[in-house]
Amino acid sequence: MLFRSDGIFEVEDAISERVAAALSVRVAESERIRLRHHYTENVDAYRNYLMGRYEEFTFTRDGMNKAIDYFDKAIADDPGYALAYAGLADAWTTESDWLLPPREALPKADAAARKALVFDDELAEAHGALAHALLHEWKLSDSNREFQIALGLNPSNVSTYFAYGEYLASAGQFDEAIAQMKKALTIDPLSPEINSLIAWDYYLKRDYGNCLASAQKAIQMFPDFWLPQMTAGMCNSILSRYAAAITAYGKALAMNPDSTVSASEIGRARLNSSHITISYA
C-alpha cells in the first residue's frame, strides 16, 4: 500500500492505535490526545526533525553537524515548532560533550531550550532539553527540577531518561542511573545510544564485568556503531587486556576518526602493552 506524504500523520496515528490495541494497552483519553498531538502540521518540518534526532545520536562530527542543520531546517519550515527547538538544544548540548568548547555550545543549547518552552511550556522534550543543558552548565539543582517536570509530563520519553541517567551518573548515583537506562530500554529496546551508554554507566561504577558484557551486547546489536567499541576498549584496557582494547579502539576509530578519546586511549593501551622499561644505567 502506498501513502501520500501529506498523510504521514494519519499513518502514524493509525499505527499507534493498532499497536495499543494489539497490546491491550489502556491509555487515558488525555494521553491519547497528547500522543495525537504532532506539534506541527508541516510534513517537511516533521521529517527534518526526525532526521535531526537520528543524526544527533550518531555522536560523530558529521552526524552532529547534519543534526543541527536538520533542526534549523525544521524551524525554518515551521518557526513555531517547539519540538525542533528542543532537538536543537539537545544537539548543541551534545556538541559540548564531543566536539565544541562548552562556552561556545551551551549558550546556544540553553537559548534553544528556552525558545521551545516559549512555544510550549508543557512539552516534556523542552524541559528535558533545558535540564540537559543546565546539567552541562553544572547547575544541578535547576537541572534536576527540570528533569522532574519533564518526567512528570511524559514518563515514557526515552531522551529524557537518557539525559536523566547522565545527571544521576554525574551526581555519583550510578545504580539509579543504570536503573533509569534500563527503564528507557523497556520503552525502546532497540535504541543504539541507550544500549551503548548503559555500558558507560557500568564503567563509571567500576563494574567492569557488566560494562564489558553490555558493550559486547551493543556491538552485536549495532556492529556499525562506534560508541560501544570505544567503551569495550576502555573496559578491556582497565582490565589489562591490551590486545583486545587496541582492537576495539581501532574499530571505533575506523567508524569515527574524530573520536579523540579513542585516539588517545589506543595510544595508552599500546604503551602499556609494550612493557617499556627505562634504564638509567
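The first residue of the sequence shown is numbered 1, and numbering continues consecutively from there.
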Point-to-point distance, once rounded to the nearest 0.5 Å, from [atom1] of [X] to [atom2] of [Y]:
{"X": "S262", "Y": "L253", "atom1": "OG", "atom2": "CG", "result": "5.0 Å"}
{"X": "T94", "Y": "E193", "atom1": "OG1", "atom2": "CD", "result": "10.0 Å"}
{"X": "Y81", "Y": "E41", "atom1": "OH", "atom2": "CD", "result": "10.0 Å"}
{"X": "M255", "Y": "L227", "atom1": "CE", "atom2": "CG", "result": "11.0 Å"}
{"X": "S196", "Y": "F222", "atom1": "OG", "atom2": "CZ", "result": "6.5 Å"}
{"X": "T58", "Y": "D224", "atom1": "OG1", "atom2": "CG", "result": "12.5 Å"}

Has [X] got a side-chain atom pairing as donor or acceptor with [Y]'s backbone, closer than 3.5 angstrom?
{"X": "D121", "Y": "L117", "value": "no"}
{"X": "S143", "Y": "K139", "value": "no"}
{"X": "S191", "Y": "D188", "value": "no"}
{"X": "S273", "Y": "A269", "value": "yes"}

Do [X] and [Y] have side-chain heavy atoms sitting under 4.5 Å apart?
{"X": "T231", "Y": "C211", "answer": "yes"}
{"X": "F57", "Y": "P192", "answer": "no"}
{"X": "N65", "Y": "E95", "answer": "yes"}
{"X": "L106", "Y": "D110", "answer": "no"}
{"X": "L212", "Y": "Y203", "answer": "no"}
{"X": "M64", "Y": "E56", "answer": "yes"}

query: Does NZ or CZ of K73 fall inside the cone over Y70's six-membered ring, less than 6.0 Å from its centre and within 45° of the axis?
result: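 The answer is yes; both the distance and angle limits are met.
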What's the shortest heavy-atom distance between [X] and [Y], and which atoms?
{"X": "A215", "Y": "A199", "result": "N-CB, 3.7 Å"}
{"X": "S264", "Y": "V261", "result": "OG-O, 3.0 Å"}
{"X": "P107", "Y": "P102", "result": "CD-O, 3.6 Å"}
{"X": "M230", "Y": "A252", "result": "N-CB, 3.8 Å"}
{"X": "F162", "Y": "I194", "result": "CB-CD1, 3.5 Å"}
{"X": "L88", "Y": "I68", "result": "CD1-CG2, 3.9 Å"}

Would you kindly say whether [X] and [Y] are connected by a side-chain donor-acceptor distance under 3.5 Å?
{"X": "H132", "Y": "E146", "result": "no"}
{"X": "Q220", "Y": "Q216", "result": "no"}
{"X": "T40", "Y": "D78", "result": "yes"}
{"X": "Q148", "Y": "Y164", "result": "yes"}

If hydrophobic clusters are built from ILVMFWY residues whose side chains come within less than 4.5 Å, do [X] and [Y] share one?
{"X": "Y202", "Y": "L239", "result": "yes"}
{"X": "I219", "Y": "I266", "result": "no"}
{"X": "W92", "Y": "V118", "result": "no"}
{"X": "F59", "Y": "M51", "result": "no"}
{"X": "W200", "Y": "M221", "result": "yes"}

- request: With M181 as reference, evaluate L168, N195, L197 under the side chain to side chain contact (heavy atoms under 4.5 Å, CB included) test and give the passing residue.
  value: L197
- prompt: Checking side chain to side chain contact (heavy atoms under 4.5 Å, CB included) against E125, which of L153, D120, L83 comes through?
  reply: L83
field: Residue pair L134, E137: steps toward the side chain to side chain contact (heavy atoms under 4.5 Å, CB included) verdict
entry: CA-CA 5 Å; L134 290 168; E137 294 169 13; 3.6 Å; yes
- prompt: What do you reckon, is CD of E122 surrounded by more than 12 foreign heavy atoms closer than 6.0 Å?
  reply: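 Incorrect, the count does not exceed 12.
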field: Residue pair W138, S170: steps toward the side chain to side chain contact (heavy atoms under 4.5 Å, CB included) verdict
entry: CA-CA 9 Å; W138 212 242; S170 299; 4.0 Å; yes
message: With a 4.0 Å cut-off on N to O distance, would you call R53 and D90 a salt bridge?
response: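 A salt bridge links R53 with D90.
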- prompt: Taking NZ, NE, NH1 and NH2 as the nitrogens, is one of them in K66 or D62 under 4.0 Å from a carboxylate oxygen of the other?
  reply: yes
message: Aromatic contact between Y46 and Y49, with the criterion being ring centroids under 6.0 Å apart: yes or no?
response: no
- prompt: Are Y85 and F119 close enough that their ring centers fall under 6.0 Å?
  reply: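 Here the rings of F119 and Y85 have centres that are less than 6.0 Å from each other.
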- prompt: Run the side chain to side chain contact (heavy atoms under 4.5 Å, CB included) check on E166 and D97 step by step: do they pass?
  reply: CA-CA 12 Å; E166 183 182 356; D97 255 341; 3.6 Å; yes
message: Is there a side chain to side chain contact (heavy atoms under 4.5 Å, CB included) between W226 and Q229? Walk through the geometry before answering.
response: CA-CA 5 Å; W226 70 276; Q229 293 284 3; 5.5 Å; no
- prompt: Do D201 and K205 pass the salt bridge (charged side-chain N to carboxylate O under 4.0 Å, His left out) test, and can you show the C-alpha distance, the side-chain angles, and the key distance before you say yes or no?
  reply: CA-CA 6 Å; D201 286 335; K205 187 186 174 184; over 6 Å; no
